There are 2 protein chains.
Amino acid sequence: MVSLTAQPGNGPLYQQIKKLIVDRIVDGTWQPGACLPSETRLGDELGASQGTVRKALDDLVGDNLLIRHQGRGTFVATHTAQRELFHFFHLVDEGGNKQLPVYSQLIDCSRRQASDRETDCLDISAPADVVTITRVRHLNDKPAIFETIALPASRFSGLEREDDLPNELYGLYEKSYGVTIHRAKERLSAVAATDAEALALGLPTGSPLLEIDRIAETLEGTPVEWRISRCDSRTHRYLTEHV
Amino acid sequence: MVSLTAQPGNGPLYQQIKKLIVDRIVDGTWQPGACLPSETRLGDELGASQGTVRKALDDLVGDNLLIRHQGRGTFVATHTAQRELFHFFHLVDEGGNKQLPVYSQLIDCSRRQASDRETDCLDISAPADVVTITRVRHLNDKPAIFETIALPASRFSGLEREDDLPNELYGLYEKSYGVTIHRAKERLSAVAATDAEALALGLPTGSPLLEIDRIAETLEGTPVEWRISRCDSRTHRYLTEHV
DNA sequence: GAGTGGTCTAGACCACAGA
DNA sequence: CTGTGGTCTAGACCACTCT
């Protein structure tokens with residue numbers, strides 16, 4: 001049952017509408033890729049004008065939660081390679097060109113008990129399992145990223161038996177495990193390459209590597225992936241832009 | 001003379017209004033900190049409704065170009081320490097806390113002919129001067145960032161004679177040289193500390209440092225500062241968030 | 001042609017800041 | 001009290017997509 005009110009203590013109507021839409025996406029009423037009702041229909045259902053609904057939708061489009069197509073409708077955002085490239089991958093080569101890794105060498109994918117650090121990063125309670133992935137991602141046909149990933153086994157049950165993991169995992173999370181990554185917090189630092197990393201990336205032990213420590217969250221803000229990417233810094237840079 | 005039209009080949013009205021406002025900020029009609037005319041007045045002057053003006057203003061607020069204060073008015077954004085902290089400084093300590101450097105040890109500030117790399121980064125033509133700044137910025141009372149900055153001498157004439165450079169330079173650029181930094185592109189990598197850097201930061205030569213290579217631009221997109229910050233990666237991380 | 005989002009208008013009332 | 005931005009409405013027309 002829907003009950004939105006003019007504007008008592010609940011705050012602005014369009015904020016209430018935003019929350020309602022987010023809730024429906026979170027609870028699966030509107031799955032990724034689904035088409036929302038039209039602005040006028042939503043307005044009628046919620047007892048708001050089309051303009052107010054529009055403001056709510058505009059905000060959510062700005063949050064990368066919805067996508068609009070003129071003449072077609074408004075859709076729940078999905079994880080395409082495009083989105084991965086624009087929002088979650090920031091390495092560029094000397095020419096400043098961005099390209100997703102097309103090949104990954106899988107070193108390990110298994111399930112085991114979570115370490116203290118892992119339970120901490122993934123915000124899960126002590127005796128729990130994680131699925132871990134270790135792989136070397138290639139850029140321009142050369143090994144460039146040594147990557148370790150930890151996932152809560154509760155949400156990703158059976159992933160360790162998956163064969164042929166794709167390079168872009170977020171689409172897999174979404175399609176096969178119903179987990180949509182919405183936000184990623186990254187902490188970057190410089191580290192010295194370990195023997196294993198140096199060997200895998202073809203450079204001397206102790207070489208400086210760019211470490212990207214990422215925690216990826218769902219729409220609700222729950223951390224669901226902890227990823228450490230150690231990147232060969234000779235050939236690639238991490239690009240960001242701020243306004 | 002203002003002439004905005006309904007919507008011929010010029011595109012949507014609110015886009016034309018945005019452009020007009022940006023132009024007036026660029027040409028100095030509305031200086032940083034200035035109060036714009038009210039929405040209704042702007043609408044009357046431009047022959048548009050208040051709602052349309054509002055949409056233009058909303059967009060520009062989203063671009064960090066304007067700031068609104070309910071009941072007071074709409075203002076051109078300025079470079080406060082707050083903005084510097086939120087938009088242009090991304091280092092955090094182990095606790096994840098962000099704090100601007102409060103002390104900098106100035107090593108050099110002088111004027112000389114630009115190198116090829118500098119003319120390239122700053123997009124200036126060959127025989128030109130730059131003002132360079134070299135300094136060590138301190139975080140938590142410890143040397144943490146070895147920083148070199150190159151500025152086109154044409155825009156920053158006399159800066160090399162400035163005594164007592166502030167830690168946050170962007171406010172100085174804006175107030176004393178009429179240069180407002182609007183956007184910064186950063187390329188991050190891991191490098192090995194040189195002798196000079198190691199000495200200044202109190203760590204062994206060859207230690208991995210996080211290098212931030214930043215080119216800062218004006219509203220018009222002209223590069224006006226090239227800055228390389230080499231950061232002690234043991235104690236600090238570069239924090240970003242993506243949605 | 002029917003339905004969608006994109007733009008624009010005109011007018012209303014509320015919340016807040018400052019004289 | 002006046003003027004500002006913040007929210008909300010109702011209705012109009014345009015541009016686009018699909019059938």
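Numbered from 1 within each chain, the chains take letters A, B, ... in sequence-line order. Because the structure is predicted, anything quoted here is derived from the model rather than measured.
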Flag for [Y]-[X]: side-chain donor and acceptor within less than 3.5 Å:
| X | Y | result |
| --- | --- | --- |
| A:Ser229 | A:Glu147 | yes |
| A:Asn10 | A:Gln15 | no |
| A:Glu162 | A:Tyr177 | yes |

Could you tell me the separation between the [atom1] atom of [X] and the [atom2] atom of [N], rounded to a whole number of Å?
| X | N | atom1 | atom2 | result |
| --- | --- | --- | --- | --- |
| B:Leu42 | C:dT9 | CG | P | 13 Å |
| A:Leu13 | C:dC13 | CG | P | 17 Å |
| A:Gln50 | C:dG6 | CD | C1' | 9 Å |
| B:Gln15 | D:dA15 | CD | P | 15 Å |
| B:Gln16 | C:dT7 | CD | C1' | 12 Å |
| B:Arg41 | D:dT4 | CZ | P | 8 Å |
| B:Tyr14 | C:dG6 | OH | P | 9 Å |
| B:Phe75 | C:dC16 | CZ | P | 17 Å |

Pairing residues for [X] by the ring pair (Phe, Tyr, Trp, His ring centres under 6.0 Å) criterion, not counting sequence neighbours:
| X | value |
| --- | --- |
| B:Phe89 | none |
| B:Phe86 | none |
| B:His79 | B:Phe88, B:Tyr170 |

[options]: which one has an atom nearest the side-chain heavy atoms of [X]?
| X | options | answer |
| --- | --- | --- |
| A:Arg68 | C:dG6, D:dT9, C:dA10 | C:dG6 |
| B:Arg54 | D:dT7, C:dC8, C:dG6 | D:dT7 |
| A:Glu39 | C:dG5, C:dT9, D:dC8 | C:dG5 |

If the cut-off is 4.0 Å, is [X] near the phosphate of [N], judged by side-chain N/O to OP1 or OP2?
| X | N | answer |
| --- | --- | --- |
| A:Ser49 | D:dT9 | yes |
| B:Thr40 | D:dG3 | no |
| B:Thr52 | C:dT7 | no |
| B:Ser38 | D:dG3 | no |

Note to self: Categorize B:Thr74 for me: base, sugar-phosphate, or nothing, with a 4.0 angstrom heavy-atom threshold over every strand shown.
What the structure shows: sugar-phosphate
Item checked: Parallel, tilted or perpendicular: rings of A:His138 and A:Tyr103 (30°, 60°) -> perpendicular
Check: So among A:Thr180, A:Leu60, A:Leu219, A:Leu20, which one has a side-chain contact (heavy atoms from CB on, under 4.5 Å) with A:Ile25?
Finding: A:Leu219
Notebook entry, point to check: For residues 55-64 of chain B, which residues have at least one heavy atom under 4.0 Å from DNA chain D?
Noted result: none
Contacts under 3.5 Å, N or O only, protein and nucleotides 16-19 of chain D:
none

Checklist line | Spacing of OH belonging to A:Tyr14 relative to CD1 belonging to A:Ile21, to within rounding of 0.5 Å | finding: 13.0 Å
Note to self: Applying salt bridge (Lys or Arg N to Asp or Glu O under 4.0 Å), can you list everything that pairs with A:Lys18, at least two apart in sequence or on another chain?
What the structure shows: A:Asp59
